[in-house]
Amino acid sequence: MSCNCNKEDGCNSGNSRREFLLTGLLATVAAVGCSDKKTAFSREGEVVPSGEKVKLLSVDGEVIEVDRAFLKPVPTMPALTNSEERKGIPGKKFVMVIDLSRCKNVKACQASCNHAHHVQDAQNWIKIYPMKDADQTAPYWQPTTCMHCDEPPCVKVCPVDATFKRQDGIVLIDSDRCIGCRFCMAACPYSTRVFNWGEPELPKEIADKPYSCETSVPQKKGTVGKCDFCPDMTRMGMLPHCVSACPNGVFMFGDINEDSVTNGAETFRFSDLIKDKSGYRLMEDLGTKPSVYYLPPVNRNFKFEDGLNKEEPVEKKS
Ligand code: SF4
Ligand code: SF4
């Protein structure tokens, strides 16, 4: 292929959209063709490293170090105000389905959740309980998150409006308001809330971050924490950390307004899934109206015993 780098009639050869696109394509091809012996960064306009390193938090929750010269503003993700965080995402109503027939107590969900929210292992927001309903029935594993109840008793008892329900169905805690009275912990029938008795062990970069009730980071001593359905991820159109981390597709997440849930690999019509597989909610008779549904542990993919050697938390994701 001949090199067209010095061709000067490209931009002036016509003004139709088609010609413009064709010229752009040729210019791109020419640039690639010319780069046989040189790297793409050797052209004019290259970013020159400054030598000054900056620590950043990646989307995976990792603290990374990059040269300051490579930083640029991200205009599509402005910081949200506290009232925007409390309002939620318009038009959405989030729902989770947990398929008990697929759970093997791998605990990748728990490790990923703890890692993303900088929660210590003893403070797990997701618990995986060994269950056995009656003497004659088989045991199974049951992951338990906050149920994000539509009638949340925790919200009703909070005296300072620190825990609240958003229009998208997510129940959150504002640690800047929480006074640590723990009324909400007493009111929650699912025992999903944990109290930060001590100062959370956080890297300085995380501890210094401005608090957001969408990320729930950084956690604070003397306040309550719990599963938040990862609203920062859903705002970006991504799945909660537990859903993405589970290798067995146990967790499915979606929008009940779209009647759709997915575990990342499979997508289901929510209403069909719940009807066909006899989905249910925990403690339905309490009237809390959870947003988390369970599929019963029938035709299980794994034996209960396969999960017994996973009683210790798995390695955190790097
Ligand atoms: S599960 Fe507990 S903490 Fe979560 S919304 Fe329901 S009552 Fe509140
Ligand atoms: S511990 Fe915090 S969130 Fe819970 S009821 Fe008290 S003030 Fe509200």
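Counting starts at 1 for both ligands and their atoms, following the listed order. Residues: numbered from 1 along the sequence shown.
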Aromatic ring pairing F253/F94, orientation class (parallel under 30°, perpendicular over 60°, tilted between): parallel
Taking atom 4 (Fe) of ligand 1 as the reference point, the nearest protein heavy atom with its distance: C146 SG, 2.3 Å
Distance below 2.8 Å from atom 4 (Fe) of ligand 2: protein N/O/S atoms: C184 SG
Carboxylate-amine/guanidinium proximity below 4.0 Å for D255 and K92: yes
Cation-pi check, K132 onto Y140 ring (under 6.0 Å, within 45° of axis): no
Parallel, tilted or perpendicular: rings of H115 and H118 (30°, 60°): tilted
Numbered atoms of ligand 2 (with element) below 4.0 Å of V160, judged on heavy atoms: 7 (S)
Heavy atom of T192, distance to ligand 1 below 4.0 Å: yes
Subset of ligand 1 atoms that lie under 4.0 Å from at least one heavy atom of Y190: 1 (S)
Top protein contact for atom 5 (S) of ligand 1, by heavy-atom distance: C149 N, 3.4 Å
Heavy atom of the protein closest to atom 2 (Fe) of ligand 1 (residue, atom name, distance): C188 SG, 2.3 Å
Gap separating the CE atom of M252 from the CZ atom of F268, nearest 0.5 angstrom: 5.5 Å
Ring-ring centroid check Y129 W141, cutoff 6.0 Å: no
Evaluation steps, salt bridge (Lys or Arg N to Asp or Glu O under 4.0 Å), between K87 and D168: CA-CA 8 Å; K87 204 166 147 194; D168 54 19; over 6 Å; no
Those atoms of ligand 1 less than 4.0 Å from some heavy atom in K226: 3 (S)
Under 3.5 Å: donor-acceptor pair, side chain of D67, backbone of S50: yes
Heavy-atom nearest neighbour in the protein, as seen from atom 7 (S) of ligand 1, with distance rounded to 0.1 Å: P153 CD, 3.5 Å
Polar side-chain atom of N124 near backbone of D121 as donor-acceptor pair, under 3.5 Å: yes
Criterion side chain to side chain contact (heavy atoms under 4.5 Å, CB included) on Y190 and V292, from CA distance to verdict: CA-CA 12 Å; Y190 303 100; V292 177; over 6 Å; no
